[in-house]
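Computed from a prediction, not measured in an experiment: that's the story for all the values here.
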Amino acid sequence: MITLKGTSYSSLEHLFILESNNQLNGPGRIGICIDTDTSPSSHDRFEDIQCRAPSIAGFRFGGTSAQDGGHHVFVKDNILCDGEGGDAFRFLDATSVFNRVVAGETSECDRSLEVEGGSVSVTGLDFEYDTTTSIHVGNANAPITLYSSQVESTVGFLAIDGPANAPLPILVKNWRVAVASAPSFQFLNQSLGPLTLESNLLETADSSAPFIIGTGSAFVSGSTLVGLGNYYTLDPLSSLNTPYEPGPERVISIGDVGVNDGPPSGPVTIELPTIIEGPTL
């Protein structure tokens, strides 16, 4: 619908982009609400943009060099995909860095965040019922930080495919993550990390599952997983340490608390010991 061509420091505000055809194809369908795929821009601001039913992406951004890609700011933008197959935010390549999403909502998208390259920092963006993994990182080249948001989901939360066998710091802090069943609540990390989970409420209604975060093949050998002060509705210790192989070489848990740690009358606050698995330091 809107394509930015080589702009810098532009501002789009208070737009409502609504598709007019509920069919899967044909005139009136929205592929992308706002796009800078072929003509990259930078330092642009998007505030109060409402995008409804995109089939490809609500926002799609990329760049060709470090000077003309990224540095975008999104404030109070809502992408309601309505199950039409689009991603909410899609960042295409390595030059799309230093992007910031501040407040907003996504609903029934394929993925809320698709990071094929570059990086993003998110604060206060709420996800509802993505159809695949809520956050997918294909080949980011800078740290990714996710703060103070919440997600309602029936699928996996975070999948990191790359960069394979290379460091990629990712922080998930102050989130409420609620899923229908623990097997869907997955953190998959094929980079070396570290993946740090701090002060999150990680909950599931599936009391039959033995743990929330499965390691094993979900984490590439040599990676690091850190849990700091999280609250789990299931046992966090088995969450971080079952099974060991191949799994992270370093698993560190400090102050993680689970409902199973407390007496029958309810959970108590305890500090779990630090656990370090891996080669001798």
Side-chain angles (χ1 to χ4, degrees), residues 56-58 60 79 81 83 85-94 96 99 101 106 108-122 125-147 149-173 175-198 200 202-204 206 209 211-227 230 239-240 242-243 246-248 251:
I56 299 174
R60 185 173 74 167
I79 298 92
C81 298
D87 298 326
F89 296 89
R90 182 181 292 183
F91 302 98
L92 290 174
D93 56 50
S96 186
N99 301 291
V101 180
T106 73
E108 296 183 309
C109 296
D110 188 36
R111 296 183 174 101
S112 289
L113 290 175
E114 170 67 27
V115 185
E116 299 175 19
S119 66
V120 63
S121 176
V122 172
L125 179 66
D126 295 341
F127 306 163
E128 287 187 348
Y129 302 111
D130 295 299
T131 56
T132 60
T133 304
S134 292
I135 303 171
H136 176 252
V137 179
N139 196 30
N141 59 301
I144 294 175
T145 54
L146 309 169
Y147 296 108
S149 305
Q150 63 181 348
V151 55
E152 298 278 350
S153 177
T154 58
V155 297
F157 176 63
L158 173 65
I160 307 165
D161 291 339
N165 300 314
L168 176 61
I170 293 182
L171 172 65
V172 181
K173 183 175 181 179
W175 276 68
R176 173 184 174 266
V177 181
V179 297
S181 61
S184 296
F185 185 44
Q186 300 175 18
F187 288 79
L188 310 176
N189 187 9
Q190 299 302 304
S191 76
L192 295 183
L195 172 60
T196 301
L197 311 177
E198 182 179 350
N200 301 293
L202 308 171
E203 63 182 46
T204 177
D206 185 6
F211 51 84
I212 290 181
I213 301 176
T215 56
S217 60
F219 287 77
V220 70
S221 179
S223 62
T224 298
L225 174 62
V226 181
N230 301 289
S239 300
L240 292 171
T242 305
V251 179

Student: State, to 0.1 Å, how close Asp161 and Gln190 come at their nearest heavy-atom pair, and which atoms those are.
Tutor: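 Of all heavy-atom pairs spanning Asp161 and Gln190, the closest is O-CB, 3.7 Å.
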Student: Using modelled atom types only, decide if a donor and an acceptor are shared between the side chain of Thr132 and the backbone of Asp110 within a distance under 3.5 Å.
Tutor: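 Yes; judged by distance alone, with no hydrogens or angles, the pair exists.
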Student: What pair of heavy atoms forms the shortest contact from Ser119 to Pro143, and how long is it?
Tutor: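 Closest approach of Ser119 to Pro143: CB-O, 3.5 Å.
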Student: Measuring only between side-chain heavy atoms, which start at C-beta, is Leu202 closer than 4.5 Å to Phe157?
Tutor: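 No, too far: nothing below the 4.5 Å cut-off.
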Student: What closest approach, in Å, do Cys81 and Gly86 show between heavy atoms, and which atom pair accounts for it?
Tutor: SG-O, 3.5 Å
Student: Compare every heavy atom of Ala166 with every heavy atom of Ser191, then report the nearest pair and how far apart it is.
Tutor: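 Smallest interatomic distance, heavy atoms only, reads CB-O, 3.6 Å.
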Student: Taking NZ, NE, NH1 and NH2 as the nitrogens, is one of them in Arg90 or Glu114 under 4.0 Å from a carboxylate oxygen of the other?
Tutor: no
Student: Step by step, would you call Val155 with Thr131 a side-chain contact (heavy atoms from CB on, under 4.5 Å)?
Tutor: CA-CA 7 Å; Val155 297; Thr131 56; 5.9 Å; no
Student: Any idea which heavy atoms bring Ile79 and Gly58 closest together, and the distance?
Tutor: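 Here Ile79 and Gly58 meet closest at CG2-CA, 4.2 Å.
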Student: For the atom pair NE2 (His136) and CG (Leu158), what is the distance rounded to the nearest 0.5 Å?
Tutor: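 Between atom NE2 of His136 and atom CG of Leu158 there are 9.5 Å.
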Student: Between the side chain of Thr133 and the main-chain N/O of Ile135, is any donor-acceptor distance below 3.5 Å?
Tutor: no
Student: To the nearest 0.5 Å, how far apart are CD1 in Ile144 and CG in Asn99?
Tutor: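 Spacing of CD1 (Ile144) from CG (Asn99) equals 10.5 Å.
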Student: Taking the side chain from Trp175 and the backbone from Leu146, do they hold a donor-acceptor pair closer than 3.5 Å?
Tutor: yes
Student: Return yes if some donor-acceptor pair links the side-chain N/O of Asn189 with the main-chain N/O of Ser223 below 3.5 Å, else return no.
Tutor: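 Such a contact is absent between Asn189 side chain and Ser223 backbone.
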Student: Let me see the working for Arg176 and Glu152 under side-chain contact (heavy atoms from CB on, under 4.5 Å), right down to the final yes or no.
Tutor: CA-CA 9 Å; Arg176 173 184 174 266; Glu152 298 278 350; 2.7 Å; yes
Student: With sequence neighbours excluded, tell me which residues meet ring-ring contact (aromatic ring centres under 6.0 Å, His included) with Phe89.
Tutor: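 For Phe89, the residues satisfying ring-ring contact (aromatic ring centres under 6.0 Å, His included) (neighbours in sequence not counted) are Phe59, Phe74.
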Student: Could you grab the distance from atom CD of Glu116 to atom CG of Leu92, nearest 0.5 Å is fine?
Tutor: 5.5 Å
Student: Applying side-chain hydrogen bond (donor to acceptor under 3.5 Å, both in side chains), run through Thr145 and Ser121 and close with a yes or a no.
Tutor: CA-CA 5 Å; Thr145 54; Ser121 176; 2.9 Å; yes
Student: Stepwise, does the side-chain contact (heavy atoms from CB on, under 4.5 Å) test hold for Cys109 with Asp87?
Tutor: CA-CA 5 Å; Cys109 296; Asp87 298 326; 5.8 Å; no
Student: Is a donor on one side and an acceptor on the other found under 3.5 Å between the side chain of Asn200 and the backbone of Asn230?
Tutor: no
Student: Please report the closest heavy-atom contact between Ser149 and Val122, naming both atoms and the distance.
Tutor: OG-CG1, 4.3 Å
